[in-house]
Amino acid sequence: MGDTNGQVVAGGNDQGNRLDQLNYPSDVLIDKETDSLIICDWGNRRVVRWSRRSGTTQGEILIDNIECYGLTMDDQRYLYISDVNKHEVRRYQIGDKNGTLVAGGNGKGAGLNQLNYSTYIFVDQQQTVYVSDWNNHRVMKWNKGAKEGIVVAGGQGKGNALTQLSDPEGLFVDTLGTIYVADTENNRVMRWPKGAKQGTVIVGGNGSGEGENQFKDPVALSFDRHGNLYVVDCVNNRVQRFSIE
């Protein structure tokens with residue numbers, strides 16, 4: 001806090017596929033156990049790990065040949081990665097290259113056992129997987145071991161009604177099962193209580209723009225421990241913070 005300049009902790013050596021480079025990184029997490037960053041290096045079709053220790057000049061490849069877009073880690077340190085090309089989410093033990101299918105994987109489609117361009121993911125303490133199913137304009141929930149998912153937000157076609165989503169991306173689920181989702185094309189963040197048939201707009205929803213209550217393609221979101229919401233406002237080239245009641 002208080003810094004006016006950021007510090008490069010991974011990449012920063014132009015766009016490329018060397019081990020000291022990244023190419024359109026789409027998601028990142030901190031692995032506290034190894035004090036490292038795990039990054040979806042989307043443009044290079046790989047997942048890489050960079051140590052956070054000073055003096056680190058390059059990363060190591062954990063998984064390659066994967067069109068990774070979103071990733072997260074559960075309490076048991078399993079890694080979950082969405083593959084937008086295979087329309088699936090797999091769970092990996094660190095060091096495992098193949099993983100176990102946990103959502104989708106039945107080709108591109110709108111069936112309950114399918115996904116269509118799976119982007120960001122969230123995993124709860126029961127290893128339930130939530131996926132932003134981008135091209136199906138819905139959020140899917142896959143219970144551990146399930147062969148098909150449940151629609152928990154959207155799924156009523158593309159649109160801006162409170163029952164609809166339009167190209168959903170960033171995702172967060174609280175301990176009550178309430179879903180927060182970046183409804184990208186609608187320039188809003190929505191909250192869907194567990195079991196609800198429609199959501200409520202908590203920020204945005206005031207058209208595309210540069211105002212403090214507007215977004216241009218909000219793509220990712222996060223909460224801090226004080227309940228502040230942070231939204232990556234992609235086309236406005238900024239991150240906004242909101243205090244949520």
Side-chain angles (χ1 to χ4, degrees), residues 26-27 69-72 74 80-84 87-89 102-106 108-144 146-208 214-215 217-223 227 229-234 240 242 244-245:
S26 60
D27 207 356
Y69 198 93
L71 83 168
T72 190
D74 70 16
Y80 296 75
I81 305 168
S82 65
D83 187 323
V84 293
H87 314 286
E88 67 181 27
V89 178
V102 292
N106 293 296
K108 176 165 101 174
L112 291 177
N113 67 345
Q114 293 177 304
L115 298 167
N116 187 347
Y117 209 80
S118 43
T119 56
Y120 289 108
I121 47 183
F122 184 92
V123 176
D124 70 14
Q125 290 177 317
Q126 284 73 48
Q127 295 186 326
T128 307
V129 179
Y130 295 82
V131 192
S132 278
D133 192 8
W134 195 78
N135 254 345
N136 284 325
H137 314 294
R138 65 188 185 184
V139 176
M140 298 293 287
K141 171 184 173 179
W142 291 66
N143 291 312
K144 187 178 179 180
K147 294 287 177 244
E148 56 181 46
I150 303 158
V151 180
V152 288
Q156 303 293 322
K158 182 175 185 170
N160 62 5
L162 292 178
T163 56
Q164 293 176 303
L165 296 169
S166 189
D167 300 345
E169 294 203 51
L171 199 54
F172 180 85
V173 184
D174 69 16
T175 51
L176 300 173
T178 307
I179 295 157
Y180 297 81
V181 59
D183 190 9
T184 303
E185 191 99 335
N186 286 324
N187 296 298
R188 64 191 185 184
V189 175
M190 294 192 77
R191 174 167 54 203
W192 292 65
K194 189 174 184 177
K197 294 288 176 240
Q198 65 175 47
T200 53
V201 180
I202 55 168
V203 287
N206 299 300
S208 173
Q214 291 181 305
F215 300 111
D217 287 4
V219 296
L221 52 86
S222 181
F223 283 91
L229 170 66
Y230 297 79
V231 183
V232 178
D233 191 5
C234 182
Q240 292 209 70
F242 300 89
I244 302 297
E245 292 304 318

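Along the sequence shown, residues are numbered consecutively beginning with 1. Keep in mind that what you see is a predicted model, and the values were worked out from it rather than measured.
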So, taking the atom named [atom1] in [X] and the one named [atom2] in [Y], what distance separates them when rounded to the nearest 0.5 Å?
X    : Y    : atom1 : atom2 : value
T200 : R191 : OG1   : CZ    : 5.0 Å
Y180 : L221 : OH    : CG    : 10.5 Å
M190 : Q164 : CE    : CD    : 9.5 Å

Exercise for review: Apply side chain to side chain contact (heavy atoms under 4.5 Å, CB included) to the pair D167 and H137, showing each step before the final yes or no.
Suggested key: CA-CA 5 Å; D167 300 345; H137 314 294; 3.0 Å; yes

Within the distance-only criterion (no hydrogens, no angle test), does the side chain of [X] pair as donor or acceptor with the backbone N or O of [Y] below 3.5 angstrom?
X    : Y    : result
S166 : E185 : no
T184 : P218 : yes
N186 : R188 : no
N136 : G109 : yes
Q240 : Q214 : yes
H87  : Y117 : yes
S82  : T119 : yes

Practice item. Verify whether one side chain among Y120 and D27 offers a donor that lies under 3.5 Å from an acceptor in the other. Key: no

Review point. When the aromatic ring centroids of F215 and F242 are compared, is their separation below 6.0 Å?
Key: yes

Review point. Should we say atom NZ of K158 is surrounded by more than 12 heavy atoms from elsewhere, each under 6.0 Å from it?
Key: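 Yes, NZ of K158 has more than 12 neighbouring heavy atoms, counting only those of other groups under 6.0 Å.
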
**Study point:** Nearest heavy-atom neighbours spanning R138 and A110
**Key:**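 Closest approach of R138 to A110, heavy atoms only: NH1-O, 3.0 Å.
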
Exercise for review: Would you name the heavy atoms of E169 and Y69 that are closest together and state the gap between them?
Suggested key: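 Smallest heavy-atom distance, with atoms named: OE1-OH, 3.1 Å.
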
Practice item. Start with the C-alpha gap between N116 and D133, add the side-chain angles, then the distance that decides, and say whether side chain to side chain contact (heavy atoms under 4.5 Å, CB included) holds. Key: CA-CA 6 Å; N116 187 347; D133 192 8; 4.1 Å; yes

